[in-house]
Amino acid sequence: MNNTDLNGIALITGASRGLGAALAITLAKTHHIVAVARTTGGLEEIDDAINSKGGRATLAPMDIGNADAVAHLCRSISDRWGKVDIWLHTAIHASPLTPANHLDIGDWQKSVDINATATARLITFIAPLLGEAGTALFFDDTVSGGKFYSAYGATKAAQIALAKSWRAETAKIGPKVHIHNPKPMPTATRARFHPGEDRDSLESTEAEAIRALSKYDLLPRH
């Protein structure tokens, strides 16, 4: 495969592990992947996996909470390709489970910064790159309002509320905005919330990536 074989650019925020990594590897069959995450080692592993299958990736190790880094990334994408065809947002800060009345304000603030504020900033920066024809995909979690999910649940709900507003606003003009509710997967985030859970009973990230991409007609055709 070379760049002339690719259908476009897929930007994945939170690409170094879990569902984001599975989405990157799956989409690399037909797209150049721009992989964003804080963990350089994880990104390099994804790059190796993509290259081994003949795909190509651009790695962007960064904190999405850093406004300057996000702006630089989007300028670089614009200068190099002029667009993003698909944006998949899986990045999340999973603060520890705790009763609401024992919430650590530091954990709360980081959750707000990454799950809500950074998402809002990414939408404003990436929307022009998606234009009318692009597609954005967000991933919901139904734990909001559940016991002990305080900071994570509240800020995840805020993230999805942003996505829902954007979806309603662009329904007739584009880009397409989708919100997917994935099945439970054996990710690091879930392990943090459910230690000791039987991980063999959970859906694999690879299978869930295929299910999500297929549902929204984003699954590579060859």
Side-chain angles (χ1 to χ4, degrees), residues 1-64 66 68-92 118-119 121-139 163 166 170 174-178 180 182 204-222:
M1 180 188 298
N2 57 51
N3 284 341
T4 61
D5 299 322
L6 299 176
N7 294 338
I9 307 301
L11 170 64
I12 303 175
T13 40
S16 65
R17 62 185 182 180
L19 181 59
L23 290 165
I25 292 170
T26 303
L27 276 174
K29 298 174 183 176
T30 51
H31 289 71
H32 184 98
I33 303 299
V34 180
V36 178
R38 290 183 300 170
T39 310
T40 301
L43 287 176
E44 290 174 346
E45 290 178 5
I46 295 304
D47 191 39
D48 289 343
I50 289 173
N51 288 335
S52 71
K53 298 178 182 297
R56 295 291 179 267
T58 297
L59 307 184
M62 55 174 280
D63 181 350
I64 62 168
N66 184 321
D68 291 339
V70 171
H72 178 73
L73 171 68
C74 292
R75 282 195 301 268
S76 298
I77 291 173
S78 179
D79 291 343
R80 184 172 179 183
W81 296 292
K83 65 171 183 173
V84 167
D85 296 280
I86 304 172
W87 171 35
L88 303 107
H89 186 46
T90 64
I92 197 74
T119 298
R121 184 183 298 116
L122 285 163
I123 290 172
T124 62
F125 284 1
I126 296 172
L129 295 170
L130 289 170
E132 297 179 358
T135 299
L137 181 55
F138 296 83
F139 297 87
W166 192 26
T170 62
K176 296 177 182 176
V177 178
H178 301 298
H180 183 68
S204 72
T205 54
E206 293 79 11
E208 189 56 34
I210 291 172
R211 187 173 81 92
L213 294 172
S214 178
K215 181 176 181 179
Y216 302 105
D217 198 28
L218 300 173
L219 192 66
R221 299 298 184 185
H222 63 275

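Residue numbers run from 1 in the order of the sequence given.
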| Once you round to the nearest 0.5 Å, how far does CG of L213 lie from CG of L23? | 5.0 Å
| Quick check: does any side chain N or O of S76 sit under 3.5 Å from a backbone N or O of H72, one acting as donor and the other as acceptor? | yes
| message | A side-chain contact here means heavy atoms from C-beta on lying under 4.5 Å apart; do K176 and L130 qualify? | response | no
| said: Using side-chain heavy atoms (C-beta onward) and a distance below 4.5 Å, is L19 in contact with F139? | reply: yes
| Nearest 0.5 Å, what's the CG-CG distance between D68 and D63? | 11.5 Å
| field | For the student: nearest non-hydrogen atoms of G20 and I12, plus distance | value | O-CG2, 3.8 Å
| query | Does the side chain of T26 come within less than 4.5 Å of E206's, by heavy atoms? | reply | no
| field | Shortest non-hydrogen contact from G55 toward N51 | value | O-OD1, 3.1 Å
| How long is the span from the NZ atom in K83 to the CG atom in L11, to the nearest 0.5 Å? | 13.5 Å
| query | Does I25 reach the side chain of I46, with side-chain heavy atoms less than 4.5 Å apart? | reply | yes
| Does some side-chain heavy atom of L122 sit less than 4.5 Å from a side-chain heavy atom of W87? | yes
| field | W166 vs T119 side-chain heavy atoms within contact, under 4.5 Å | value | no
| said: Looking at A49, is its backbone amide N or carbonyl O close enough to the side chain of S52 to form a donor-acceptor pair, meaning the two atoms are under 3.5 Å apart? | reply: yes
| task | Taking atom CZ of R121 as the centre, report whether more than 12 heavy atoms of other residues, nucleotides or ligands fall under 6.0 Å from it. | result | yes
| query | Would you say the side-chain atoms of T170 pair up with the backbone N or O of P175, donor to acceptor, closer than 3.5 Å? | reply | yes
| query | Can you tell me how far CG of L73 sits from CD1 of I126, rounded to the nearest 0.5 angstrom? | reply | 7.0 Å
| For S16 and A21, which heavy atoms make the closest approach, and how far apart are they? | C-CB, 4.0 Å
| note | Rounded to the nearest 0.5 Å, the NE2 atom of H89 sits from the OG1 atom of T13 at a distance of 5.0 Å
| message | So which atom in A10 and which in L27 form the shortest heavy-atom distance, rounded to 0.1 Å? | response | CB-CD1, 4.0 Å
| request: To the nearest 0.5 angstrom, please state how far the CD1 atom of I9 sits from the CD1 atom of I77. | output: 8.5 Å
| remark: Nearest heavy-atom contact between A57 and D47 is CB-OD1, 3.7 Å
| request: Find out whether L137 and I86 are in side-chain contact, i.e. whether some heavy atom of one side chain is under 4.5 Å from a heavy atom of the other. | output: no
| task | Would you name the heavy atoms of A24 and I50 that are closest together and state the gap between them? | result | O-CD1, 4.1 Å
